[in-house]
Visitor: 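First the structure, which I've put down as structure tokens, then a few questions once you've had a look.
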Amino acid sequence: MKKYDHKKIEKKWQEEWEKQEIYKTSDDLTKKKFYTLVEFPYPSGTGVHVGHAKGHNAVDVYARYKRMNGYNVLIPMGFDAFGLPAENFAIKNKKHPSEFTQENINNFIKQIKKFGCSFDWSRTIDTTDPKYYKWTQWIFLKLFEMGLAYEKEAPINWCPSCKTGLANEEVINGKCERCDSNVEQRNMKQWFLKITEYAERLIKDLDDVNWPEYIKTSQKNWIGKSEGVEIEFNVSAEALAKAEKITVFTTRLDTIFGCTYVVLAPENKIIDNLKSSITNISEVEKYIEIAKNKKDLERTDLNKDKSGVKLEGIFAINPFNNEKLEIWVADYVLGSYGTGAVMAVPAHDERDMEFAKKYNLKSKIVISKKTGSIDSNYFELSEDEKLLSEMSAGNYDGRVCNSGKEFNGLTSEQARRIMLEKAEKEGFGKRKINYKFRDWLFSRQRYWGEPIPIVHCEKCGNVPVPENELPLLLPEVENYEPTGTGDSPLAAIDSWVNTTCPKCGCGAKRETNTMPQWAGSSWYFLRYIDPKNDKALASQEKLKHFMPVDIYFGGAEHTTVHLLYSRFWNKVLYDAGVVSVSEPYKRRVQHGLIAGEDGRKMSKRWGNVINPDDVIEQYGADTMRTYIMFMGPYSEGGIWSTTAINGVNRFINRVWLLQDKEISSDDDDKETITLLHKTIKKVGEDIENVSYHTALAQLMILLNHISSKEKISKNLFKTYLQLLAPFAPHITEEIWNNINPNNQSIHISTWPKYNEELIQEEDINFVVSINGKMRDIIKINKDKTQDDILEALQIKVDSVGNVDVHHTKLISYLEGQNIKKIIFVKNKMINFVI
RNA sequence: GCUGACGUGGUGGAAUUGGUAGACACGCUGGUCUAAGAAGCCAGUGGAGUAAAAUCUGUGCGAGUUCGAGUCUCGCCGUCAGCACCA
């Protein structure tokens, strides 16, 4: 047999498959569908990297397996092409970003095609194509119409280097996700999407999807649901024009009798209302000014010393016991969460404790571990430091004490319920749910994004661009550079900005901000279903048929960004009656990063980047695909190894050499048949579980076995090729055609079935152990009883445990011993306890 | 700090319900082929021990449950990921 020439053969089949259109998804809605998806790439100038190869090949293995199982598989590929690199390139080279984008897309297609994946290229999408973003804009109008898109002046995250606003999801540890610059706060009028309105459903519907638990937990943490109570404290002061109240949010109403002061965030507006009564107002204002000037990072640094100022001359009244409480302003309380005010209970909260210690404030224990018998009054914090630090740390539930007859002795949980009832009845408190995450900041001050289809009219306010005027095209602009003033480059094009109001016809101005990069990817999975439709984002019928995505492959970096945003958009479209499922992705599989050979993240800087093109050139796509899938569990990362890929290349070449075997018309021997059926079962199950590395290990075991045979049956050979076909599509197709000339492609052949009866081996390895230690293994027919085994071992045990043994290996262990017990597990083992 | 996951040879990693630990592969060692090398192919490969066996020991550390623990329970130690003053 000639050496396997991967260059020639892979090219030949890639062309042949494209010609025959064997991977084209049928629009026949009577066929059972299977929708496999992988995140679409951003077409960067540097081309594809091994991360793409990992995700694309993984989805392809799954798709090929499902296709061979008779499904009409949808496996599309497209490009998420709006974004800063193209824009930065445009700024530098004074060229339109679309030129650069198009070049990169073409290059990506060329490179990805070399992987040999079964993507249906006729469905390719590009988020920057006006025919595509027409529908991105259409969805925005839906959001606007439904009251889910609104404009508001608010402090937002601003990246000084990218010169644009950012969503909270794009800020990592106070830094811009893209460029790592420190993010600043700016007060700006911006567009927001009301994702918080969907918070509850975004949490609850996670119960219905097959996702790894850690992603669900991450999303839940990000949303940060917190159930608690808002309580109003009256403010008492000498000279107050009108009655004022401070509302606090707490999840620990059961500790309210332990409240010894109230803290306001520096941003809390109520301070203005109380101004006239605060005797040290200048000191307070000075503190607020300092706090405002602090960067977010400084304020949220846990290690920093807590600071604050007492508001002299005024008090808050605890509505439960009418105690007069000091009021403080301190920047450890966030203005953006809850009510911007908290009740401080130093004995049961670590942060309050730290603050109280610093300023020598009082504390009181109101939750006891035991029965509520602690009966102390206020005491100095220094008195029992150990006890206090124990109680304040974490969520300390126990029994209520020091809280009045009405409540003492209740469990924390009971107290929360009964106290809330009282608060509601007397009108100073109500149940409240807060979420950590914020509405999605949706406007960007950059050029290369979808224009927001809104017109600002002095008379009519914000008016949507009529649907029939979509797409609202990105205008040509002389300068792509962001202005940095908070205006996008679009604002400089007077002819575009000045327009007429679609409602009243008066002169009006266009919105000049663009959408963030996340917009196009928030719904792309819907467009693949019907990519050429110009009447709707996709036809209702097709959406109903193909949604949801059955399995979605991608990277771990999208856990709380893309995955959350796209779930939100899908739900909005579900509510709008556009899509028929409320969760877009039934199953999610995430993979870890492949690191360079030196163990570091692949980067030009380290010179450790592996380029898929080079790997394919050297070994072929089949070897690359198989190697990446064999590296280890798919969800884990891994370290690239040029020696390990050699091993896989050997495996592929040994498959090629199977053609040297004589093909026999006889059946294979029993052992081979058993192993074959075991392999069919395991490979199928492992692919379903995305445990590709163990499927391949099994295929290697079978190959090792048949390599030792002189002859193999045609059926065995064909089946083997089919099992390997999802991983190594080219070489299997070539051999398949060599042994079955003019047959249809292996990739649309029917996946082999296994016979459960043939898997059962007649002879099994039966373990004999003494006191749990393995001492011998005997080969014996299956389904033997304990007596059969004893007989086979030539062992007799009488009723009092005396043993008569002739089995040579066991004599030294059992002779003269008294058997206390025999444990027998059918078809597995027997254990003598002596 | 909190939450979650995980600790198995020189390396990547296997191991239904607790029942032969280390499958498969890399690497390494020896052999074969070769003028030589590369690539193949054959054999070996957790550690200790032996001429070879036998045997002992072994899944981060320490205890426990069990006839039997990589797997279950508790306590440490370590690694990774997410969150990070959210009251």
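What's counted below: heavy atoms across the whole structure, side chains too, no hydrogens, waters or symmetry copies.
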Visitor: What is the nucleic acid contact for A/R654, judged by heavy atoms within less than 4.0 Å: base, sugar-phosphate only, or nothing?
Guide: sugar-phosphate

Visitor: Any N or O donor-acceptor pair under 3.5 Å from the base of B/rC85 to the side chain of A/K306?
Guide: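 By the distance-only test, yes, there is a pair.
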
Visitor: At less than 4.0 Å, is any side-chain N or O atom of A/T559 found next to OP1 or OP2 of B/rG82? Yes or no.
Guide: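 No, outside the criterion.
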
Visitor: Whole angstroms only, please: what is the OH-P distance between A/Y619 and B/rA39?
Guide: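 Taking OH of A/Y619 and P of B/rA39, I get 11 Å after rounding.
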
Visitor: Does B/rA81 have OP1 or OP2 sitting under 4.0 Å from an N or O in the side chain of A/Y214?
Guide: no

Visitor: With rounding to the closest Å, how many angstrom separate the C1' atoms on B/rG68 and B/rC77?
Guide: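 After rounding to an integer number of Å, I get 28 Å for this pair.
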
Visitor: Between A/I770 (CD1) and B/rG68 (P), how many Å, whole number?
Guide: 14 Å

Visitor: With sequence neighbours left out, write down each residue that passes side-chain contact (heavy atoms from CB on, under 4.5 Å) with A/E710, or none if nothing qualifies.
Guide: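 Result, side-chain contact (heavy atoms from CB on, under 4.5 Å) vs A/E710: none returned.
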
Visitor: Rounded to the Å, how far apart are A/R775 CZ and B/rG19 C1'?
Guide: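 Answer to the nearest Å: 15 Å.
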
Visitor: Report which part of the nucleic acid A/M829 touches: base, sugar-phosphate, or nothing (heavy-atom distance under 4.0 Å, all strands).
Guide: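 If one applies the 4.0 Å heavy-atom cut-off, A/M829 turns out to touch a base.
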
Visitor: Is a salt bridge present between A/K7 and A/E617, judged by a nitrogen-to-oxygen distance below 4.0 Å?
Guide: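 Yes, this pair counts.
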
Visitor: Name the one of A/V333, A/L325, A/N318, A/L311 that satisfies side-chain contact (heavy atoms from CB on, under 4.5 Å) with A/V262?
Guide: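 Testing each of A/V333, A/L325, A/N318, A/L311 against A/V262, the sole residue satisfying side-chain contact (heavy atoms from CB on, under 4.5 Å) is A/L325.
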
Visitor: What's A/G224 touching, base or sugar-phosphate or nothing? Going by heavy atoms closer than 4.0 Å.
Guide: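 It contacts nothing in the nucleic acid.
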
Visitor: Distance to the ring centre below 6.0 angstrom and angle to the axis at most 45 degrees; does that hold for A/K310 and A/Y261?
Guide: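 No cation-pi geometry.
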
Visitor: Is A/T643 touching bases, backbone alone, or none of the nucleic acid, heavy atoms closer than 4.0 Å?
Guide: sugar-phosphate

Visitor: Please tell me which of A/N765 and A/H693 maps to the more 5' nucleotide of RNA chain B, matching each residue to the nucleotide holding its nearest heavy atom.
Guide: A/H693

Visitor: Within the structure shown, what part of the strands sits under 4.0 Å from A/I823 by heavy-atom distance: base, sugar-phosphate, or nothing?
Guide: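 Base contact - A/I823 has a heavy atom under 4.0 Å of at least one base atom.
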
Visitor: A/N649 has an atom CG; how far is it from atom P of B/rC24, in whole Å?
Guide: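 For the pair A/N649 CG and B/rC24 P, the rounded distance is 20 Å.
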
Visitor: Assess whether one donor atom and one acceptor atom, taken from the side chain of A/N831 and the base of B/rC67, lie less than 3.5 Å apart.
Guide: yes

Visitor: Between A/R650 and B/rA25, is there a side-chain N or O to OP1/OP2 distance below 4.0 Å?
Guide: no

Visitor: I want to verify a distance call: between B/rG19, B/rC24, B/rU55, whose nearest atom is closest to the A/K828 side chain?
Guide: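 Selected nucleotide: B/rG19.
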
Visitor: Indicate whether any N or O donor in one side chain lies under 3.5 Å from an N or O acceptor in the other, for A/N157 and A/E170.
Guide: no

Visitor: Without decimals, in angstroms, what is the distance between A/W640 CH2 and B/rC26 C1'?
Guide: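 Atom-to-atom, A/W640 to B/rC26, this comes out as 14 Å.
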
Visitor: Determine the Euclidean distance between corresponding C1' atoms of B/rC42 and B/rG49; express it in Å to zero decimal places.
Guide: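 To the nearest whole Å, 28 Å.
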
Visitor: Taking the P atom in each of B/rC72 and B/rU20, what is the distance between them to the nearest angstrom?
Guide: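 Between the two P atoms, the distance is 16 Å.
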
Visitor: Of the candidate nucleotides B/rA87, B/rG82, B/rC83, which contains the atom at the shortest distance from the side chain of A/S218?
Guide: B/rG82

Visitor: Requiring both pairing distances under 3.5 angstrom, list the stems that contain RNA chain B and are made of three or more consecutive Watson-Crick or G-U pairs.
Guide: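 The stems that RNA chain B takes part in, listed by first number, are B:1-7 with B:77-83, B:10-12 with B:24-26, B:27-32 with B:40-45, B:46-48 with B:55-57, B:60-64 with B:72-76.
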
Visitor: Going by the glycosidic torsion and a 90 degree boundary from 0, is the base of B/rG75 oriented syn or anti?
Guide: anti

Visitor: Using the P atoms only, state how far B/rG30 lies from B/rG37, rounded to an integer number of Å.
Guide: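 Pairwise P distance, B/rG37 against B/rG30, rounds to 13 Å.
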
Visitor: CD1 of A/I777 versus C1' of B/rG19: gap in Å, rounded?
Guide: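 After rounding, the gap between these two atoms is 12 Å.
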
Visitor: Which of parallel (below 30°), tilted (30 to 60°) and perpendicular (above 60°) describes A/F355 and A/Y359?
Guide: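 Plane angle between 30° and 60°, so tilted.
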
Visitor: Quick one: salt bridge (Lys or Arg N to Asp or Glu O under 4.0 Å) partners of A/E557, sequence neighbours excluded?
Guide: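 Counting only residues at least two positions away or on another chain, A/E557 forms no salt bridge (Lys or Arg N to Asp or Glu O under 4.0 Å).
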
Visitor: What's the gap between B/rA25 and B/rG19 when it is taken at their P atoms, as a whole Å value?
Guide: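 24 Å, rounded to whole Å.
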
Visitor: Roughly how far apart, to the nearest Å, are B/rC2 and B/rG9 at atom P?
Guide: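 Rounded to whole Å, the distance is 29 Å.
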
Visitor: Which part of the nucleic acid, if any, lies within reach of A/Y634 when heavy atoms closer than 4.0 Å are counted: base, sugar-phosphate only, or nothing?
Guide: nothing

Visitor: Hey, mind stepping through A/Y627 and A/W640 against ring pair (Phe, Tyr, Trp, His ring centres under 6.0 Å) and telling me if it holds?
Guide: CA-CA 10 Å; A/Y627 169 61; A/W640 188 271; 4.9 Å; yes

Visitor: I want to verify a distance call: between B/rU20, B/rU55, B/rC24, whose nearest atom is closest to the A/N704 side chain?
Guide: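 Looking only at heavy atoms from C-beta outward on A/N704, the closest nucleotide is B/rC24.
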
Visitor: So, A/D788 versus A/T785: side-chain donor-acceptor pair below 3.5 Å or not?
Guide: yes

Visitor: Of the candidate nucleotides B/rC26, B/rA87, B/rC83, which contains the atom at the shortest distance from the side chain of A/K436?
Guide: B/rC83

Visitor: Just checking A/K773: base, sugar-phosphate only, or nothing, at a heavy-atom cut-off of under 4.0 Å?
Guide: sugar-phosphate

Visitor: When all nucleic acid strands are considered with a 4.0 Å heavy-atom cut-off, which category describes A/V342: base, sugar-phosphate, or nothing?
Guide: base

Visitor: Roughly how many Å apart are B/rU8 and B/rC61, using the C1' atom of each and rounding to a whole number?
Guide: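 Result for the C1' pair: 15 Å, nearest Å.
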
Visitor: With heavy atoms under 4.0 Å as the rule, sort A/D352 into base, sugar-phosphate or nothing.
Guide: nothing

Visitor: Among B/rA23, B/rC41, B/rA87, which nucleotide has an atom closest to any side-chain atom of A/F249?
Guide: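 The listed nucleotide nearest to A/F249's side chain is B/rA87.
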
Visitor: Is the distance between the ring centroids of A/F630 and A/Y692 under 6.0 Å?
Guide: no

Visitor: Quickly work out the A/I759 CD1 to B/rU16 C1' distance and round it to whole Å.
Guide: 14 Å

Visitor: Could you check A/V648 against A/P633 and say which one's nearest nucleotide on RNA chain B is further toward the 5' end?
Guide: A/P633

Visitor: How many whole angstroms separate atom CE of A/M774 from atom P of B/rA15?
Guide: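 After rounding, the reported distance stands at 20 Å.
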
Visitor: Decide, yes or no, whether a salt bridge links A/E200 with A/K225 under the criterion of side-chain N to carboxylate O below 4.0 Å.
Guide: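 A salt bridge links A/E200 with A/K225.
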
Visitor: Considering only the P atoms, how many Å lie between B/rU11 and B/rA23, rounded to the nearest integer?
Guide: 15 Å

